[in-house]
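Atoms within each ligand, like the ligands themselves, are counted from 1 in listed order. All of these numbers come straight from a predicted model, not from anything done at the bench.
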Amino acid sequence: MSKDQIYAEPLAHIQDFRFDEQVADVFPDMIQRSVPGYQSIIQTIGQLASRYQQDHSHFYDLGCSLGAASLAMRRHINATGCKIVAVDNSAAMVERCRRHLEAFRSDVPVEVIEGDIRSTELSNAAMVVVNFTLQFLAKSDRTALLNRVFQALKPGGILLLSEKIISPAPCSNQLLVELHHDFKRANGYSELEISQKRTALENVMQPDSIEQHQQRLQAAGFSESTVWFQCFNFCSMIAFKQP
Ligand SMILES: C[S@@+](CC[C@H](N)C(=O)[O-])C[C@H]1O[C@@H](n2cnc3c(N)ncnc32)[C@H](O)[C@@H]1O
Ligand SMILES: O=C(O)C(=O)C[C@]1(C(=O)O)C=C[C@@H](O)C=C1
């Protein structure tokens, strides 16, 4: 696995963060060292696919990057006539995602689409995964996407939504951000790497609070939602469509 050293040297000009070739090449290392609990979340996505699978249904992985969530779902699906649809608008990610998925054999088909999740057709879904991707959309697009996800889910279907979050309470927010930076330090990132990446993400990733997410989910029609995982300022939620 190639090591993420993208922000290791001082940069004269820090460009907005993009999911380009350079990021795609080091992505497994980057996400592992940047997102607390990432591996547990991926494992749990597999478990949820096993529990919520329905015959003749679709499983979506929106903002799939290298396909980690799709791989986890594929390992757990044994219902008949199911299909996974993985979507990402980064050509670099999609190309590597296809290669990853081809490296393992499975009877569950995966369609990998290079496209924008704001306009991808969604239907007949048992489960939709939006794992650390909603945060990269404009706020108005977040609402529109979740509305479409709700409409596409079958009764009894679920949405798995993971996000970096902000806390509206200033002391709590400050502490969670600092604990996350400690996590990155413990994983070998320098002060320079942490601060340059923070600047690169500033304009392209605007996190919501858990309360904002819950309100949006409720407004979209989800009967219930729960935060099943939180570590520092990273969390993962499950939202339910009534059976
Ligand atoms: C943090 S990564 C997601 C990680 C991935 N879900 C996982 O579990 O490993 C965010 C991904 O969302 C993709 N993305 C961002 N905006 C998008 C959009 N409008 N349409 C499709 N993909 C998008 C990026 O290209 C990137 O690969
Ligand atoms: O590195 C950070 O501080 C992050 O916010 C992590 C984060 C994310 O939450 O999606 C940001 C961009 C990369 O895709 C990987 C992880």
Salt bridge flag under 4.0 Å for residues Glu193 and Lys184: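 Salt bridge between Glu193 and Lys184, a charged N being under 4.0 Å from a carboxylate O: no.
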
Glu202/Arg198 salt bridge by N-O under 4.0 Å criterion: no

In terms of its nearest heavy atom to atom 2 (S) of ligand 1, the top option of Cys64, Ser65, Gly67, Gly63 is Ser65

Are side-chain N/O atoms of Gln174 and Glu178 paired as donor and acceptor at under 3.5 Å? yes

Would you kindly say whether Ser2 and Asp25 are connected by a side-chain donor-acceptor distance under 3.5 Å? no

Those atoms of ligand 1 less than 4.0 Å from some heavy atom in [X]:
| X | value |
| --- | --- |
| Gly115 | 20 (N), 21 (C) |
| Leu137 | 19 (N) |
| Met93 | 27 (O) |
| Ser90 | 25 (O) |

For ring pair (Phe, Tyr, Trp, His ring centres under 6.0 Å), just list the numbers for Phe240 and Phe222, CA-CA rounded to whole Å, side-chain angles, deciding distance to a tenth of an Å, and then say yes or no. CA-CA 6 Å; Phe240 302 85; Phe222 288 96; 8.9 Å; no

Starting from [atom], find the nearest protein heavy-atom neighbour and note its residue, name and distance.
| atom | result |
| --- | --- |
| atom 15 (C) of ligand 2 | Lys197 NZ, 3.8 Å |
| atom 19 (N) of ligand 1 | Asp116 OD1, 3.0 Å |
| atom 25 (O) of ligand 1 | Asp88 OD1, 2.6 Å |
| atom 8 (C) of ligand 2 | Gln135 NE2, 3.4 Å |
| atom 23 (C) of ligand 1 | Asn89 OD1, 3.2 Å |
| atom 5 (O) of ligand 2 | Lys164 NZ, 3.0 Å |
| atom 1 (C) of ligand 1 | Phe132 O, 3.1 Å |
| atom 8 (O) of ligand 1 | Asn131 ND2, 2.8 Å |
| atom 16 (C) of ligand 2 | Val35 CG2, 3.7 Å |
| atom 14 (O) of ligand 2 | Phe19 CE2, 3.2 Å |

Do Leu11 and Leu192 sit in the same hydrophobic cluster, where Ile, Leu, Val, Met, Phe, Trp and Tyr count as joined when their side-chain heavy atoms come under 4.5 Å apart?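 Hydrophobic grouping puts Leu11 apart from Leu192.
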
Ligand 2 atoms in contact with [X] (distance to a heavy atom under 4.0 Å):
| X | value |
| --- | --- |
| Phe27 | 14 (O) |
| Met205 | 5 (O) |
| Phe234 | 9 (O) |
| Lys184 | 1 (O), 2 (C), 3 (O) |

Within 45 degrees of the ring normal and closer than 6.0 Å to the centroid, is that where the cationic atom of Arg74 sits relative to Phe104?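 Ring-cation test returns no.
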
May I have the step-by-step check of ring pair (Phe, Tyr, Trp, His ring centres under 6.0 Å) for Phe234 and Tyr38, ending in yes or no? CA-CA 9 Å; Phe234 288 81; Tyr38 174 74; over 10 Å; no

Considering distance alone, does some N or O of [X] sit under 3.5 Å from an N or O of ligand 1?
| X | value |
| --- | --- |
| Tyr38 | yes |
| Phe19 | no |
| Ile117 | yes |
| Asp61 | no |

Are any of the side-chain heavy atoms of [X] and [Y] separated by less than 4.5 Å?
| X | Y | answer |
| --- | --- | --- |
| Asp29 | Gln32 | no |
| Asp107 | Arg105 | yes |
| Leu122 | Val149 | yes |

[X] [atom1]: over 12 foreign heavy atoms closer than 6.0 Å:
| X | atom1 | answer |
| --- | --- | --- |
| Gln218 | CD | no |
| Arg18 | CZ | no |
| Gln242 | CD | no |

Which atoms form the tightest heavy-atom contact between Ile45 and Met127, and what is the distance?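 Scanning both residues completely, I find the closest heavy atoms to be O-CE, 3.6 Å.
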
Part of Val23 with heavy atoms under 4.0 Å of ligand 2, whether side chain, backbone, both or neither: neither

Ligand 2 N/O within reach of His180 N/O, cut-off under 3.5 Å: no

